[in-house]
Amino acid sequence: MKLHHLNLTVTDVQAAKDFLETYFGLTGGSDREAGFDVVFDDDGFVLTLMKGREVHYPKTFHIGFPQENEEQVDRMNQQLKEDGFDVKPPVHAHGYTFYVKAPGGFTVEVLC
């Protein structure tokens, strides 16, 4: 058994979709309506994005994108920083990791 899809409620569907496509390689998108879209990973996982006026995830809620090594984590951190995102440097915790607040109101973890 494997997880097939997940729905995220976001305040800005297009900005969330662009972020996930740009930094994490998700692809697709339905462009059916402004309040809904879909992106996919290479394994067929479906991530739906649905517009909500307010987004209130629990403080510890996040989605994670594992990288192969620390150099990739560092590159991702640097790119996000250069593009204006507020990211702290990666730290060694439960892995080599950092978090970033994504457009739309959810948090992403990048780790190896």
_Hydrophobic cluster identity match, L6 and Y99, side-chain contacts under 4.5 Å_ = no
*Verify the neighbour count for atom CD of E82: are there more than 12 heavy atoms of other residues, nucleotides or ligands below 6.0 Å?*
yes
*Does the side chain of L8 reach to within under 4.5 Å of the side chain of I63, using non-hydrogen atoms?*
yes
_H62 side chain to T60 backbone, donor-acceptor under 3.5 Å_ = yes
*Answer whether the closest heavy-atom distance between the side chains of F65 and D41 falls below 4.5 Å.*
no
*What distance separates D86 CG from L80 CG, expressed to the nearest 0.5 Å?*
11.0 Å
*Where V13 and M50 come nearest, the two heavy atoms and their spacing*: CG2-C, 4.0 Å
*Atom pair CZ (F24) and CE (M76), whose distance is rounded to the nearest 0.5 Å*: 5.0 Å
*Minimum heavy-atom distance A15-P103, with the two atoms named*: CB-CB, 3.7 Å
*Are the side chain of Y57 and the backbone N or O of T9 linked by a donor-acceptor pair below 3.5 Å?*
yes
*When you look at F45 and L3, which way does the side chain to side chain contact (heavy atoms under 4.5 Å, CB included) test go after all the steps?*
CA-CA 7 Å; F45 180 77; L3 183 62; 3.8 Å; yes
*Which pair of heavy atoms, one from Q72 and one from E68, lies closest together, and at what distance?*
OE1-N, 2.7 Å
_Ignoring hydrogens, what is the shortest heavy-atom contact between F40 and G28? Give both atom names and the distance._
CD1-CA, 4.1 Å
*What's the spacing between T27 OG1 and L20 CG if we round to 0.5 Å?*
11.0 Å
*Measure the OG1-NZ distance between T11 and K51 for me, rounded to the nearest 0.5 Å.*
6.0 Å
_Distance-only polar pair, side chains of Q78 and D74, donor-acceptor under 3.5 Å_ = no
*Would you confirm whether E109, through its side chain, and T107, through its main-chain N or O, come within 3.5 Å as a donor-acceptor pair?*
no
_Atom pair NZ (K88) and OG1 (T97), whose distance is rounded to the nearest 0.5 Å_ = 12.5 Å
*With a 4.5 Å limit on heavy-atom distance, are the side chains of V73 and C112 in contact?*
yes
_Co-membership, hydrophobic cluster, residues V108 and F61, 4.5 Å side-chain_ = yes
*Going by heavy atoms in the side chains, are E21 and V39 under 4.5 Å from each other?*
yes
_Measuring only between side-chain heavy atoms, which start at C-beta, is Y96 closer than 4.5 Å to N69?_
no
*Over all atoms of both residues, closest heavy-atom pair of G104 and V55*: O-CG2, 3.7 Å
_Test ring pair (Phe, Tyr, Trp, His ring centres under 6.0 Å) on F85 and F19; report intermediate values, then the result._
CA-CA 11 Å; F85 289 93; F19 177 81; 5.3 Å; yes
*Determine the minimum heavy-atom distance between N77 and P89, stating which atoms define it.*
ND2-CA, 4.0 Å
*Could you give the distance from CG (D37) to NZ (K17), rounded to the nearest 0.5 Å?*
4.0 Å
*Report yes if the side chains of V100 and Y23 come closer than 4.5 Å at any heavy-atom pair, otherwise no.*
no
